[in-house]
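Below is one structure; the comments refer to it alone.
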Amino acid sequence: MLTYVGRRLAGGVLLVLIVVTLTFFVLHAFSGDIAASLSGKTATAAQIDVRRRQLGLDQPLFSQYREWLSHAVRGDLGTSWTTSESVSDAIDVRLPVTLVLAVGATLISAVLGIAAGTWAAVRRGALDPVLQIFVVAGYAFPGFWLALVLSSFFAVKLGWFPATGYVPFTQSPGDWLSSIVLPITALVLGVTATVAQQTRNATVQVLGTDYVRTLRSRGLTTRRLLLVNVLRNAAPASLTTLSLSFIGLLSGTIVVENVFALPGLGSLANTATTSRDIPVVMGVMLIMVLLVVAVNIVLDLAQAWANPKVRI
């Protein structure tokens, strides 16, 4: 098991290095004259040159990358080119908002999706068409459209929830919950539908195996059979779907955060990209990739626990 974990960690580190390297060079290749853009339209050539030296853009690109990477591995993500704020501080403030949305949506989708998929697999009959309609609806309605509908109806028309803004949990748990209900709901629908469909298919397949029929013949109750045997063997499909869905949710939060004016990584990345603030974009990208790798490793370990054959 330790060897398996070591391989996954090594693969994760390699993936992070590849992604941040490609991102760094692509950003610099397609951002044009960053110093001129940041200096403003009225800046003279001399002022632009001074700005370029201040940002280190006069150095060879590989030297710039080596400088950034050497600081990043020590936890120093640099300083924002537009606000002069520490990138690490900006991320520390906004990261909890994005994590609350992504992790909350993933956990709720896991519970609802696995429950709905298992129920549809066991009951079958009329539940199958209902599940298929739910899946189609989950794919058909994009998160940003659902966010706009939820905000217009439940926040603006009914006034049950705030239309914009985020309240930290430490400030007011009740207001915190109210501020995240609609954003998480906008993210949950599509993921829940996908998890339910995958769980249903995997559970139906496991229920049709010989060993399940043997256990039924020995008098095991359906509840015990599902909890102890069936769901554990059907888990890899659901876990894989959740892993991929979490990656999608991280990108989905960018749109949802903008709709509800939430101060998360999505809005930070959007602002930084527009202003060509490369240190901030690189910092957000690094954190996003680390989150994706960490979640994938955790889910891989969960799959290895549920099905030892995965370790091979």
Side-chain angles (χ1 to χ4, degrees), residues 83 90-116 130-197 241-242 244-275 277 280-281 284-285 287-288 291-292 295:
T83 66
I91 291 176
D92 287 342
V93 172
R94 295 171 178 265
L95 180 59
V97 180
T98 299
L99 284 180
V100 165
L101 297 182
V103 175
T106 301
L107 293 177
I108 293 173
S109 299
V111 173
L112 296 179
I114 292 174
V130 173
L131 179 61
Q132 294 301 323
I133 294 173
F134 178 57
V135 171
V136 172
Y139 284 121
F141 301 133
F144 75 90
W145 179 86
L146 188 58
L148 290 172
V149 171
L150 292 174
S151 178
S152 300
F153 186 74
F154 290 103
V156 177
K157 185 175 182 179
L158 298 180
W160 292 356
F161 302 97
T164 59
Y166 176 82
V167 179
F169 179 83
T170 53
Q171 181 177 328
S172 173
D175 292 339
W176 168 80
L177 184 61
S178 296
S179 67
I180 64 172
V181 167
L182 294 183
I184 288 181
T185 303
L187 294 169
V188 160
L189 179 61
V191 179
T192 301
T194 305
V195 173
Q197 178 70 8
T241 302
L242 285 172
L244 297 174
S245 298
F246 181 81
I247 299 173
L249 285 172
L250 285 177
S251 60
T253 56
I254 295 177
V255 178
V256 171
E257 286 173 6
N258 286 325
V259 171
F260 292 99
L262 301 177
L265 289 182
S267 57
L268 178 64
N270 185 49
T271 303
T273 302
T274 303
S275 60
D277 196 341
V280 175
V281 176
V284 173
M285 176 62 68
I287 296 301
M288 290 289 194
L291 286 174
V292 170
V295 169

- [ ] For residues 90-108, pull every pair meeting side-chain hydrogen bond (donor to acceptor under 3.5 Å, both in side chains), keeping only residues two or more places apart or in separate chains.
- [x] R94-S267, T98-E257

- [ ] Determine which pairs satisfy side-chain hydrogen bond (donor to acceptor under 3.5 Å, both in side chains) with at least one residue from residues 154-164, sequence neighbours left out, and list them in order.
- [x] none

Could you tell me which non-hydrogen atom of [X] sits nearest to which non-hydrogen atom of [Y], and how far apart they are?
| X | Y | value |
| --- | --- | --- |
| A272 | V281 | CB-CG2, 3.7 Å |
| V284 | I91 | N-CD1, 3.8 Å |
| L262 | P183 | CD1-CG, 3.8 Å |
| S178 | P162 | O-CD, 3.6 Å |

Rounded to the nearest 0.5 Å, how far apart are [atom1] of [X] and [atom2] of [Y]?
| X | Y | atom1 | atom2 | answer |
| --- | --- | --- | --- | --- |
| S109 | L187 | OG | CG | 8.5 Å |
| F260 | I180 | CZ | CD1 | 12.0 Å |
| S179 | L177 | OG | CG | 8.0 Å |
| N270 | N258 | CG | CG | 5.0 Å |
| I108 | T192 | CD1 | OG1 | 8.0 Å |

- [ ] Going by the side-chain contact (heavy atoms from CB on, under 4.5 Å) test, name the single residue among L112, V111, I114 that passes it with V195.
- [x] I114

Open item on the list: Go through it in stages, so that I can follow the logic: the residues are V100 and W176, the test is side-chain contact (heavy atoms from CB on, under 4.5 Å), and I'd like the CA-CA distance, side-chain angles, deciding distance and then a yes or no.
Closed with: CA-CA 10 Å; V100 165; W176 168 80; 4.0 Å; yes

Task: Test item: L95 and L291 side chains (from C-beta on) under 4.5 Å apart, heavy atoms - done: yes

Open item on the list: Using side-chain heavy atoms (C-beta onward) and a distance below 4.5 Å, is T271 in contact with D277?
Closed with: no

Open item on the list: Are there over 12 heavy-atom neighbours, none belonging to M288, within less than 6.0 Å of that residue's CE?
Closed with: yes

Open item on the list: Is it the case that the side chain of S151 and the backbone of L148 share a donor-acceptor pair, with hydrogens and angles ignored and the cut-off at 3.5 Å?
Closed with: no

